[in-house]
Amino acid sequence: MYEIARRHLGKVVAGAAMAVTGTAVAVAISLPGSAGADDTPGGRGAVAAGSSAGSSAGAGTDGGPGVPGQGENGEQAPGPAPQPATVVPPAAEGKKGVGSDPLTDDELARAESLALTPPAASAQQDVTGGRGPQRLGTRLADPQPGDASRRAEVRLYDYGRDELITKTVNLDTGKVEKSGSQRGVQPSAHPEELREALELILASPLGKGVKEDYKDATGKELTSTGQLWFNGDVYRTYREADVPAQLARCGEHRCVRLVTKVLNGAWIDTRNLIVDLSARTVTRVG
């Protein structure tokens with residue numbers, strides 16, 4: 001009985017040994033040759049990286065057989081250089097928009113030309129006192145039901161009469177369909193008006209402080225508006241707690257307030273200088 005048990009145990013041990021040996025042989029066959037030849041940590045890491053790259057990219061650049069994308073020293077080979085970025089130019093603007101598209105440059109020019117038809121326009125004055133009204137802005141007019149024509153609303157200002165003029169022009173027929181004028185209505189200032197206001201400040205005795213501030217900031221003399229960045233808007237008396245008598249007609253007159261700074265430099269405070277463009281005067285407030 002003991003002998004039978006001993007023989008049976010021996011067969012079990014022998015079978016287990018053969019199973020282990022068979023597994024080792026199978027592993028050795030299934031592993032790539034480099035895995036068995038290079039058993040260093042670096043070698044194993046490179047193989048793993050190469051295998052991963054090969055499975056995702058499909059082929060290497062200069063790697064050996066079985067290790068796509070791997071160099072001779074087990075290093076990951078660089079991929080192809082990315083293509084340079086390209087900028088797609090915007091589509092060319094047509095001469096005429098469609099539907100609610102913004103007015104094109106050609107439509108803006110056409111609308112203003114139609115609105116400035118003499119002889120009425122030649123009797124009006126712009127911000128410098130020159131012939132013709134001051135242009136304030138042009139926008140797409142609201143469409144009319146059942147009419148696909150594009151119309152533009154042109155806003156002008158006659159400094160000779162202190163009137164806001166609004167004209168609606170049909171861009172398809174070339175006709176001025178509506179025209180009206182108002183007093184005491186002051187839309188936002190046009191850049192040309194702001195530049196003229198700055199010219200008046202620099203030409204007035206109150207502009208001395210602006211010139212001094214500019215020289216302190218730059219060491220140079222201020223001689224033209226081109227040396228300053230500027231912006232601003234209409235001065236509205238109803239927003240002010242204390243309005244000097246000289247500015248009492250602002251609202252009926254066209255008055256503006258500026259903010260200025262040295263180009264790419266320090267701010268120059270001009271907020272306390274109000275320019276009446278209609279009367280061409282400069283007044284200090286505050």
**OP:** List the steps and the verdict of side-chain contact (heavy atoms from CB on, under 4.5 Å) for L277 and E193.
**Re:** CA-CA 8 Å; L277 291 171; E193 294 177 299; 3.9 Å; yes
Drop me the distance from [X]'s [atom1] to [Y]'s [atom2], to the nearest 0.5 angstrom.
X    : Y    : atom1 : atom2 : value
Q186 : E252 : CD    : CD    : 9.5 Å
T237 : I274 : OG1   : CD1   : 11.0 Å
L206 : T281 : CG    : OG1   : 10.0 Å
R110 : L103 : CZ    : CG    : 12.0 Å
D276 : C250 : CG    : SG    : 5.0 Å
L116 : L156 : CG    : CG    : 5.5 Å

Are [X] and [Y] linked, directly or through other ILVMFWY residues, by side chains that come within less than 4.5 angstrom of each other?
X    : Y    : result
L194 : Y235 : no
L263 : V259 : yes
V154 : Y159 : no
L200 : L198 : yes
V127 : L247 : no

Original post:
When you look at CZ of R236, are more than 12 heavy atoms from neighbouring residues, nucleotides or ligands closer to it than 6.0 Å?
Top reply: yes
Original post:
When you look at CZ of R131, are more than 12 heavy atoms from neighbouring residues, nucleotides or ligands closer to it than 6.0 Å?
Top reply: no
[X] side chain near [Y] side chain, heavy-atom distance below 4.5 Å:
X    : Y    : value
R284 : L273 : yes
R155 : R139 : no
V210 : L202 : yes

Check: [X]/[Y] side-chain N/O donor and acceptor closer than 3.5 Å:
X    : Y    : answer
D162 : Y157 : yes
T104 : D106 : no
R151 : T168 : no

Of the non-hydrogen atoms in [X] and [Y], which two are nearest, and what is the gap between them?
X    : Y    : result
G174 : L114 : O-CD2, 3.3 Å
A121 : P133 : O-CD, 3.5 Å
V256 : A189 : CG1-CB, 4.0 Å
A111 : T138 : CB-CG2, 4.1 Å

Look only at the side chain of [X] and the backbone of [Y], and say whether a donor-acceptor pair between them is shorter than 3.5 Å.
X    : Y    : answer
T225 : E199 : no
H190 : E192 : yes
T218 : Y214 : yes
R150 : G99  : yes
K208 : E212 : no
D158 : Q125 : yes

Basic-acidic side-chain contact under 4.0 Å: [X], [Y]:
X    : Y    : result
R254 : E196 : no
E221 : K211 : no
D172 : K96  : yes

Subject >> Verdict with reasoning, E240 to V285, per side-chain contact (heavy atoms from CB on, under 4.5 Å) >> reply: CA-CA 10 Å; E240 307 297 324; V285 296; over 6 Å; no
Subject >> Criterion side-chain contact (heavy atoms from CB on, under 4.5 Å) on R183 and R161, from CA distance to verdict >> reply: CA-CA 9 Å; R183 289 186 176 180; R161 295 174 57 85; 3.4 Å; yes
Original post:
Where do L136 and L164 land on the side-chain contact (heavy atoms from CB on, under 4.5 Å) test, with the steps shown first?
Top reply: CA-CA 9 Å; L136 298 184; L164 172 67; 3.7 Å; yes
